[in-house]
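Working notes, structure below.
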Amino acid sequence: MIVLKNVSKSYKNNKVFDKVNYTFEDGNIYCVQGRNGSGKTVLLKMLAGLSEQDEGQIVYDRPDTTKGVIIETPLFWRHMSGIETLRFLASIRKQIDEATMIECMKKTGTFPYKDKRVGGYSLGMRQRLAITQAIMEDPDILLLDEPTNALDDNGVEMFKEVMRQQRQMGKLVVIATHNITDIEDIVDKFIQIRERRLSA
């Protein structure tokens with residue numbers, strides 16, 4: 001669970017959020033909507049701890065809450081293969097083994113390309129790899145910015161199935177997207193960013 005208490009945030013001299021109060025509950029998939037520049041990515045960055053709010057509090061139900069994140073366009077090391085990329089990312093926290101990485105690659109359809117250099121991946125395959133890295137360490141919360149970008153129909157179906165699995169495990173999923181039709185059938189709660197606030 002994430003609770004926002006009177007959260008305010010300005011970005012580039014523009015007030016994006018003003019005294020926002022909202023509770024994101026576990027076991028739900030949220031879809032955040034809003035016009036360009038409304039603050040969708042800023043919100044995800046704050047929830048992920050990558051950007052600090054100016055005022056107020058962002059409270060997690062546990063101090064050791066873990067997060068899987070895709071923010072903006074995924075950037076990877078082009079000279080590394082898919083599996084080398086995941087190995088490197090996993091080495092930071094040292095919480096998972098290679099078998100877990102392989103299992104996640106199979107879920108996202110990246111396994112057949114695990115030894116191919118990421119520089120040779122299509123945009124859609126890079127997006128699948130980003131989804132893989134977001135879920136592979138079994139995080140409590142998923143914060144995903146435009147996760148279906150560049151995915152074909154099969155990729156979108158894969159993504160939705162993976163998100164359903166995450167919800168079944170009691171995870172909290174927050175998705176910011178313009179492509180509402182891609183995911184509307186799996187979303188539990190839609191949120192609009194309006195007048196610097198969040199409204200259901």
Side-chain angles (χ1 to χ4, degrees), residues 1-4 7 9 11 16-17 20-48 50-51 58 60-61 65-74 104-110 121-200:
M1 183 171 66
I2 309 175
V3 181
L4 279 66
V7 169
K9 176 70 176 177
Y11 185 71
V16 182
F17 294 107
V20 172
N21 292 281
Y22 197 87
T23 298
F24 293 91
E25 299 176 338
D26 295 344
N28 285 283
I29 298 175
Y30 292 81
C31 177
V32 180
Q33 301 167 265
R35 58 176 174 76
N36 286 343
S38 62
K40 297 187 296 295
T41 299
V42 174
L43 174 64
L44 289 189
K45 285 182 176 179
M46 287 196 298
L47 297 180
L50 300 174
S51 179
I58 298 177
Y60 304 94
D61 54 350
T65 295
T66 55
K67 309 172 194 82
V69 178
I70 300 175
I71 299 289
E72 298 176 325
T73 304
C104 289
M105 292 189 91
K106 288 179 178 178
K107 284 183 181 179
T108 61
T110 52
Y121 278 21
S122 66
L123 288 175
M125 195 54 60
R126 268 181 267 170
Q127 193 72 5
R128 286 174 181 255
L129 187 64
I131 295 166
T132 309
Q133 64 81 28
I135 67 170
M136 70 180 184
E137 293 181 312
D138 194 25
D140 303 306
I141 297 168
L142 284 166
L143 304 167
L144 309 175
D145 190 12
E146 303 291 351
T148 60
N149 266 5
L151 293 182
D152 59 16
D153 290 346
N154 288 336
V156 171
E157 289 304 315
M158 170 278 298
F159 173 76
K160 291 196 292 187
E161 180 57 29
V162 169
M163 292 304 106
R164 290 187 189 101
Q165 293 169 3
Q166 297 295 308
R167 177 172 54 196
Q168 287 171 359
M169 293 187 286
K171 307 299 180 66
L172 164 59
V173 181
V174 183
I175 302 170
T177 184
H178 288 97
N179 301 320
I180 307 299
T181 55
D182 281 350
I183 64 166
E184 60 185 349
D185 56 330
I186 64 167
V187 172
D188 299 298
K189 298 183 181 181
F190 289 91
I191 301 170
Q192 287 280 350
I193 300 178
R194 289 179 179 155
E195 299 179 354
R196 305 184 182 96
R197 302 283 176 89
L198 303 184
S199 60

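Note that this is a predicted model, so its numbers are computed, not measured. Residue numbers run from 1 in the order of the sequence given.
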Within the supplied structure, the quantity of interest is the number of heavy atoms (other residues, nucleotides, ligands) at a distance under 6.0 Å from Asp153 CG; does it exceed 12?
no
Between Gln133 (side chain only) and Ala130 (backbone N and O only), is there a donor and an acceptor less than 3.5 Å apart?
yes
Note, Ile2 side chain near Thr23 side chain (heavy atom, < 4.5 Å)
no
To the nearest 0.5 Å, what is the distance between CZ (Arg167) and CD1 (Ile29)?
4.0 Å
side-chain contact (heavy atoms from CB on, under 4.5 Å) filter on Leu123, not counting sequence neighbours, yields Arg126, Ala150
Residue list, ring-ring contact (aromatic ring centres under 6.0 Å, His included) with Tyr121, at least two apart or on another chain
none
Hits for ring-ring contact (aromatic ring centres under 6.0 Å, His included) against Tyr11, two or more places apart or cross-chain, chain-then-number order -> none
Check this for me, if you would: do Asp138 and Lys171 make a salt bridge, where the nitrogen-to-carboxylate-oxygen distance has to be below 4.0 angstrom?
yes
Contact summary for Cys31 and Thr177, nearest pair of heavy atoms:
SG-CG2, 3.8 Å
Around atom CZ of Arg194, are there more than 12 heavy atoms of other residues, nucleotides or ligands at under 6.0 Å?
no
Does Phe159 form a side chain to side chain contact (heavy atoms under 4.5 Å, CB included) with Gln127? I'd like the steps, not just the answer.
CA-CA 10 Å; Phe159 173 76; Gln127 193 72 5; over 6 Å; no
Looking only at non-hydrogen atoms, find the nearest pair between Asp188 and Gly27 and report the distance.
OD2-O, 4.2 Å
For residues Glu184 and Phe190, determine if any side-chain heavy atom of one lies less than 4.5 Å from a side-chain heavy atom of the other.
yes
I need the minimum non-hydrogen distance between Tyr60 and Ala48, along with the two atoms involved.
OH-N, 4.3 Å
Would the distance check show the side chain of Lys107 and the main-chain N or O of Val162 forming a donor-acceptor pair, the cut-off being under 3.5 Å?
no
In the structure I gave you, are the side-chain heavy atoms of Thr66 and Glu137 within less than 4.5 Å of one another anywhere?
no
Donor-acceptor pair, Ser51 side chain versus Met46 backbone, under 3.5 Å?
no
List the steps, then state whether side chain to side chain contact (heavy atoms under 4.5 Å, CB included) holds for Asp182 with Leu151.
CA-CA 10 Å; Asp182 281 350; Leu151 293 182; over 6 Å; no
Walk me through it: do Lys160 and Asp185 pass the test side chain to side chain contact (heavy atoms under 4.5 Å, CB included)?
CA-CA 9 Å; Lys160 291 196 292 187; Asp185 56 330; 3.2 Å; yes
Is a side-chain donor or acceptor of Thr65 paired with a backbone partner of Asp61 at a separation under 3.5 angstrom?
no
Set out, in order, the CA-CA distance, both residues' side-chain angles and the distance that settles side chain to side chain contact (heavy atoms under 4.5 Å, CB included) for Met125 and Leu129, then state yes or no.
CA-CA 6 Å; Met125 195 54 60; Leu129 187 64; over 6 Å; no
I'd like to check Leu47 versus Leu4 (side-chain heavy atoms, cut-off strictly below 4.5 Å). Are they in contact?
yes
Considering non-hydrogen atoms only, spot the tightest contact between Ala176 and Pro147 and give its length.
O-CD, 3.9 Å
Please report the interatomic distance CG(Asn28) to CE(Met1), rounded to the nearest 0.5 Å.
12.0 Å
Might you point out which heavy atoms bring Glu72 and Asp145 nearest each other, and give the distance in Å?
N-OD2, 3.0 Å
Given side chains that start at C-beta, do those of Leu142 and Ile135 come closer than 4.5 Å, heavy atoms only?
yes
Quick one: pull up OH in Tyr22 and OH in Tyr30 and give me the separation to the nearest 0.5 Å.
5.0 Å
One should read off an interatomic distance between Ile183 CD1 and Thr148 OG1, to the nearest 0.5 angstrom, of 6.5 Å
So how far is it from Glu161 CD to Gln166 CD, rounded to the nearest 0.5 Å?
10.5 Å
Say you draw a straight line from NZ of Lys40 to NE2 of His178; how long is it, rounded to the nearest 0.5 Å?
3.5 Å
Pro139 and Ala134 have their tightest heavy-atom pair at CG-O, 3.3 Å
